[in-house]
Amino acid sequence: MNLNNKYFLLAFVFSQILILQSSLAQDALEQGRALTFTKSKGNCLACHIVENGELPGNSGPPLIQMALRFPDRSILRNQIWDASVVNPNTVMPPFGKHNILTEDEIELVVDYLLSL
Amino acid sequence: MKIFPLSFSMLILALVISGQVYASTGANTGANSGAETDTGENPEQDRQALRAYYENLFPGVPADAHKDGIYAIDAPSRAQWQEMEEFPLYEIAVDEGEELFYTPFDTGVTYADCFENEGAVKQLYPHFDEHTSSVVTLEMAINTCRATNKTTALEYGSAELNNLSSYIAFVSRNQKVQVAEPKTAAALAAYKAGKRFYSTRRGHLNFACTSCHIQLAGRKLRAEKLSASLGHVTHFPVYRFKWQEMLSLHQRFAECNSQVGALPFDLQGVEYRNLEYFLSYLSNGMQLNGPATRK
Amino acid sequence: MKKPGIFLPTIVALLLVSGCNDSGQVKDNTPPQALSEPALQTPATDKRTTSEIIANAKTLHLQARQLGHAWSTTQDHITEAEKLLAAKDMVSAQVSALRAELSASASIAQSHSEQNAWQDRFPK
């Protein structure tokens, strides 16, 4: 087998993995979006403007340019887990501390927000 | 392979941060129970401070204008509301209440004998009763009237009771809220309990009444603008459009509690009565304008 | 002929494959009520029966209620756990029971942290 073929095979496997990866990622993003928008779940729209979210409230800042503004993922996650750590007077519900979203659901929301 | 660079960098990013993701589980800060410091309540100072707070928050809106609730600060929905008020949906309740008001009990006595001034008495409620050391509301007084006439009590929140209180609210229109300033230790304790209830976060959503109606007043949750505390007591009972029925103030308290995920308290129980007492004192001097229509 | 860096791409590929599997599993096979909740991480090692967990959740819930801080979500999880238990769905029943317990504890914690915090929320 010549080396080029090997590389070709490798590249092929590679691309398959990436395609699979990206469709899984799309699924996860869609789940994250649903959690962010749904009233009985994150209901982040109650307070935040989020891209493509209808009738958002204005009780919190718009959730825009998240990846840029939250290079440290854990800061974003902690804000959602319990916003009162940073601001004791916050009105943002402590989604993790009060078991409103599960840990996995919070990760999905974080993924989604970072894609914005 | 168009997706290559994007996915590749995503992967690298994911690899880099995956270590941090599960590492940072927030910790539940422990209970900080401490001796409760008695700050000494000053109801009149609270009332002035609250009025100043809203006048500052809503320039051009006089504090007394909040008797119209959200419609004091939400011009677009105010027009809609005024249209609704032209053919008031609470009229049936008022009419039925009037009929009940003048229907004699077996003793031959009517509510008109219990409530002076043909029922224009809403401004006298709630009040703190020193003998029983508790807050007396209009709804309780209606049931007391029944009891003295050997008639069974009405269920709180029932249509019959809400109709009666709607009628009394209607004939009391234009009177002003005039809750006597709490002076005795017991009255101040009830006032303080109401204030504490109003300011305490509850439910898994972790909201206090103050979160929405003081901190976020004028802001929106979804499309709903949040109203000021001032005037919350002036316009009840309300015809709730959403439910197509009359709703008492305590039923609204229960709805708010439920909305934040807290188990509601008993209608006319001590918690809600103290809360009503506290809120009513704050609305002192404001015009009674119930019943009203609300979305 | 030299074999320039065939190993490097292979290793990168392996890394990617493992990374891919990892995130794929977490994101995709998670039951709606995730078991990776910190307190729920090892439900199997919880020595108590689900009935015992439910009973404890009820005790805590009642305590929260007496403190004026009961949550409706606790109630919902308890009801759910009992329903699942009756249907012999043991794994889900245990998850719901543990979530009920978690909510009840958090509601009691809320009553403690609100003990004094309420005093700062009214205009002065």
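Every chain is numbered from 1 and lettered A, B, ... according to where its sequence line falls, protein lines coming before strand lines.
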The interface call for C:Thr73 against chain A, heavy-atom contacts under 4.5 Å, is neither
Closest heavy-atom pair, C:Ala106 versus A:His98, reported as atoms and distance to 0.1 Å, is CB-CD2, 4.2 Å
To the nearest 0.5 Å, atom CG of A:Asn99 lies from atom CG of C:Leu98 at 10.5 Å
